[in-house]
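Computed from heavy atoms alone, side chains included, the values below leave out hydrogens, waters and symmetry copies. The shown structure was predicted, so the numbers you read here are calculated from the model rather than taken from an experiment. Heads up: numbering here begins at 1 and tracks the sequence.
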Amino acid sequence: MKKIIKDILILCIITVICGGVLGYVYQITLSPIEKQAQQSQQDAYLEVMKEATSFKEINSKEINKLAKQLKNNYGKNGITIEKALKSFKQKESIGYIIQVVDHDGFGGDIELIIGINLQKEITGVEILSIDETVGLGMNAKNEEFRNQYVGKKVDHFQVVKNGKQNEDEVDSLSGATITSKAMTNGINGALDFYDLLKGR
């Protein structure tokens with residue numbers, strides 16, 4: 001009996017020590033991980049708005065207030081506007097960056113960053129988070145697909161399967177129509193939110 005109690009005490013001590021070590025390691029790595037995430041986000045901002053030299057984040061309360069005014073159809077589960085930033089080249093305003101999550105991806109949420117200049121032209125589209133089918137929906141990350149939106153000045157995009165013919169049309173990814181529509185709904189939501197930001 002004494003041996004069992006001794007073994008249990010030893011196991012408890014080992015567990016406590018391991019827990020303490022894991023907690024310590026977590027605290028040490030937490031700050032670098034957060035810094036890396038922030039740097040990745042900053043890099044994405046510069047990718048979608050290459051001329052920008054600085055950004056000013058829009059207040060989250062104002063974002064939520066404006067987001068409630070979005071009336072269009074953005075798919076079954078809709079979208080969420082996560083962030084919006086005003087972009088500047090030196091001190092001159094050159095557009096907005098909008099971070100949006102579409103909730104209708106085949107594998108779950110798709111998080112995007114879209115740059116839109118003052119002429120309502122899309123300057124860039126980056127994917128922050130996506131978990132679609134490899135070889136199908138994950139091809140949304142390919143520059144060739146994302147560039148279909150870039151440089152366009154339209155109110156809304158629509159997904160087509162038989163080859164785009166108009167400025168507002170986007171070729172669907174082969175075998176991944178759901179992903180293509182989710183991406184497009186997110187970008188359409190960003191375009192509508194841009195209008196609200198400019199009109200506020």
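In this structure, L112 is not a member of the same hydrophobic cluster as I178, with clusters built from ILVMFWY side-chain heavy atoms closer than 4.5 Å. Under the 4.5 Å side-chain heavy-atom criterion for ILVMFWY residues, no single connected hydrophobic cluster contains both V100 and F106. In the hydrophobic clustering of ILVMFWY residues, with side-chain heavy atoms under 4.5 Å counting as a link, L191 and Y74 come out together. Hydrophobic clustering keeps L136 apart from I130 (ILVMFWY residues linked when any side-chain heavy atoms are closer than 4.5 Å, directly or through intermediates). Under the 4.5 Å side-chain heavy-atom criterion for Ile, Leu, Val, Met, Phe, Trp and Tyr, V159 and V150 are members of distinct hydrophobic clusters.
Taking CD1 of I79 as the reference point, atom NE2 of H103 lies at 8.0 Å (rounded to 0.5 Å). For the atom pair CD1 of I187 and CD of Q148, the computed distance is 9.5 Å after rounding to the nearest 0.5 Å. If you take OG on S93 and NZ on K198, they are separated by 8.5 Å, rounding to the nearest 0.5 Å. Put simply, OG on S87 and CG on L46 are 9.0 Å apart, with the number rounded to the nearest 0.5 Å. Remark: E51 CD to E92 CD distance equals 9.0 Å, nearest 0.5 Å. To the nearest 0.5 angstrom, Q69 atom CD is 11.5 Å from D192 atom CG.
Here the side chain of S180 pairs a donor or acceptor atom with the backbone of L173 at under 3.5 angstrom. The backbone N or O of K141 lies less than 3.5 Å from a partner atom in the side chain of R146, making a donor-acceptor pair. A donor-acceptor pair under 3.5 Å is formed between the side chain of E169 and the backbone N or O of N166.
Using modelled atom types, one finds no donor on one side chain facing an acceptor on the other under 3.5 Å when comparing Y96 with N117. When only modelled atom types and interatomic distance are considered, T179 and E132 share a side-chain donor-acceptor pair under 3.5 Å.
You'll find the side chain of E82 reaches within 4.5 Å of the side chain of E111, heavy atoms only. Between T184 and D102, the closest side-chain pair of non-hydrogen atoms is not below 4.5 Å. In this structure, F55 and K86 have side chains that are not in contact, with every pair of non-hydrogen atoms separated by 4.5 Å or more. Between I122 and K153 there is no side-chain heavy-atom pair separated by less than 4.5 Å. Between I63 and N59, the closest side-chain pair of non-hydrogen atoms is not below 4.5 Å. Taking the side chain as every heavy atom from C-beta outward, D171 and V160 approach each other to under 4.5 Å. You'll find the side chain of D104 stays beyond 4.5 Å of the side chain of K181, heavy atoms only. Contact annotation: the side chain of I114 never approaches that of I97 to less than 4.5 Å [non-hydrogen atoms, C-beta and beyond].
Crowding of K50 atom NZ: a count of heavy atoms from other residues, nucleotides or ligands under 6.0 Å exceeding 12.
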Using the side-chain contact (heavy atoms from CB on, under 4.5 Å) rule, take K83 and I98 through it: C-alpha gap first, then chi angles, then the decisive distance, then the call.
-> CA-CA 6 Å; K83 285 184 181 180; I98 298 166; over 6 Å; no

Determine, stepwise, if the pair L196 / L70 fulfils side-chain contact (heavy atoms from CB on, under 4.5 Å).
-> CA-CA 8 Å; L196 294 172; L70 291 170; 3.7 Å; yes

Evaluate the side-chain contact (heavy atoms from CB on, under 4.5 Å) criterion for residues Q158 and D168: first the C-alpha distance (whole Å), next the side-chain angles of each, then the deciding distance (0.1 Å), finally the verdict.
-> CA-CA 6 Å; Q158 56 181 328; D168 64 349; 3.7 Å; yes

Apply the test side-chain contact (heavy atoms from CB on, under 4.5 Å) to residues L197 and L66: give CA-CA distance (whole Å), side-chain angles for both, the deciding distance (0.1 Å), then the verdict.
-> CA-CA 8 Å; L197 282 171; L66 289 173; 3.8 Å; yes

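Residue pairs that meet the ring pair (Phe, Tyr, Trp, His ring centres under 6.0 Å) test with at least one member in residues 143-170, sequence neighbours left out, are F145-Y149, Y149-F157.
A salt bridge links D155 with K120: the closest approach of a Lys/Arg side-chain nitrogen to an acidic carboxylate oxygen falls below 4.0 angstrom.
Residues I110 and M183 come closest through the heavy atom pair CG2-SD, 4.0 Å. The two residues K161 and S172 come nearest to each other via the heavy atoms CG-CB, 4.4 Å.
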